[in-house]
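Counting begins at 1 with the first residue of the sequence. Values reported hereafter were calculated over all heavy atoms of this structure, with side chains retained and with hydrogens, waters and symmetry mates removed.
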Amino acid sequence: MNRYYDFSEFEQIERHFPGNVTIKSVPFVTLNTPTGNNVNISGEEFLTITLPDNIDNQYYNWEFSVGDINNFTPFPAQFNHVPVLHLKGKDFLTDNDFGKTIYIRVNMENCTNAPATSNIIAFSYYKSALIFFQVWCLLLNVSIQQMEVLL
């Protein structure tokens with residue numbers, strides 16, 4: 001006979017059946033969906049995603065995919081297994097990735113012993129505004145200082 005109880009019911013369980021209770025707890029991770037100006041990743045500016053630090057670091061397995069929502073790769077080791085993902089686009093992406101959609105998730109399989117991931121969030125990868133500014137200056141044949149005066 002199986003009986004399921006809400007935790008609030010444990011005090012009033014009829015104790016006619018001897019046995020043990022096994023409780024399995026697994027984390028449920030939800031990444032905040034980026035909005036507004038936060039929907040882009042730049043090659044030169046930091047992207048920071050913060051999760052609560054209430055599980056062991058070994059279980060934070062950050063993953064990304066470029067242009068394909070079904071082909072995830074772990075982030076480089078120096079950025080992984082921490083509750084705060086803090087890196088620049090150039091730390092894990094190439095110039096060939098500019099203009100593509102970058103998908104990010106947390107794979108919790110090491111913690112749950114079963115396939116389990118967070119939701120997936122998406123960003124667009126673009127070159128830094130400073131690079132565009134420098135290219136504009138080259139095209140117009142003016143120095144950055146002259147361009148700043150014009151602006």
Side-chain angles (χ1 to χ4, degrees), residues 2 4-10 20-151:
N2 290 329
Y4 298 94
Y5 295 98
D6 185 303
F7 284 111
S8 63
E9 296 179 70
F10 275 133
N20 298 316
V21 174
T22 302
I23 299 173
K24 181 178 180 182
S25 174
V26 295
F28 183 78
V29 176
T30 301
L31 302 176
N32 291 330
T33 303
T35 59
N37 293 334
N38 297 322
V39 297
N40 297 311
I41 298 175
S42 164
E44 296 294 329
E45 298 164 5
F46 281 100
L47 167 69
T48 302
I49 303 173
T50 304
L51 291 175
D53 62 351
N54 55 358
I55 61 173
D56 292 338
N57 283 357
Q58 66 182 335
Y59 298 122
Y60 293 100
N61 186 20
W62 294 95
E63 296 179 330
F64 72 97
S65 180
V66 178
D68 179 3
I69 201 162
N70 297 311
N71 189 20
F72 282 86
T73 303
F75 277 92
Q78 67 266 34
F79 304 109
N80 220 329
H81 304 293
V82 292
V84 178
L85 182 66
H86 182 72
L87 72 171
K88 297 177 182 180
K90 70 179 184 179
D91 292 331
F92 69 104
L93 298 169
T94 68
D95 287 349
N96 292 334
D97 299 327
F98 286 125
K100 294 182 181 175
T101 301
I102 310 303
Y103 301 97
I104 296 177
R105 71 181 185 184
V106 179
N107 185 334
M108 302 301 293
E109 186 173 331
N110 290 339
C111 185
T112 63
N113 294 323
T117 62
S118 70
N119 60 312
I120 298 170
I121 56 176
F123 297 89
S124 295
Y125 185 42
Y126 71 97
K127 292 190 178 190
S128 168
L130 177 59
I131 292 172
F132 282 129
F133 190 64
Q134 290 169 338
V135 169
W136 243 154
C137 290
L138 287 172
L139 290 173
L140 296 174
N141 198 23
V142 296
S143 71
I144 291 176
Q145 291 79 15
Q146 290 171 320
M147 185 61 98
E148 287 174 348
V149 170
L150 293 173
L151 295 176

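- One distance of note links OH of Tyr103 with OG1 of Thr73; it measures 14.0 Å at 0.5 Å rounding.
- To the nearest 0.5 Å, atom CH2 of residue Trp62 and atom CD1 of residue Ile104 are 7.5 Å apart.
- Phe79 and His86 get closest at one heavy-atom pair: CD2-O, 3.8 Å.
- The aromatic rings of Phe92 and Phe64 sit perpendicular, their planes meeting at an angle over 60°, well past the 30° parallel limit.
- Taking the side chain as every heavy atom from C-beta outward, Val66 and Thr94 never approach each other to under 4.5 Å.
- Side chains of Asn57 and Pro83 form a contact here, defined as non-hydrogen atoms less than 4.5 Å apart.
- How far CG of Leu87 is from CD1 of Ile41: 7.5 Å, rounded to the nearest 0.5 Å.
- Separation of atoms CG (Leu31) and CG (Leu51) is listed at 5.5 Å; rounding is to 0.5 Å.
- Atom CG of Asp68 and atom OG1 of Thr101 lie 11.0 Å apart (nearest 0.5 Å).
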Q. How far apart are the C-alpha atoms of Ile49 and Val106, what are their side-chain angles, what is the distance that settles it, and do they pass the side-chain contact (heavy atoms from CB on, under 4.5 Å) test?
A. CA-CA 11 Å; Ile49 303 173; Val106 179; over 6 Å; no
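- The shortest distance between side-chain heavy atoms of Leu47 and Tyr125 does not fall below 4.5 Å.
- The nearest pair of heavy atoms linking Pro74 to Asn61 is CB-OD1, 4.1 Å.
- Atom CD1 of Ile69 and atom CZ of Arg105 lie 9.0 Å apart (nearest 0.5 Å).
- Between the side chain of His81 and the backbone N or O of Gln58 there is at least one donor-acceptor pair closer than 3.5 Å.
- Using modelled atom types, one side-chain atom of Ser65 and one backbone atom of Asn71 make a donor-acceptor pair closer than 3.5 Å.
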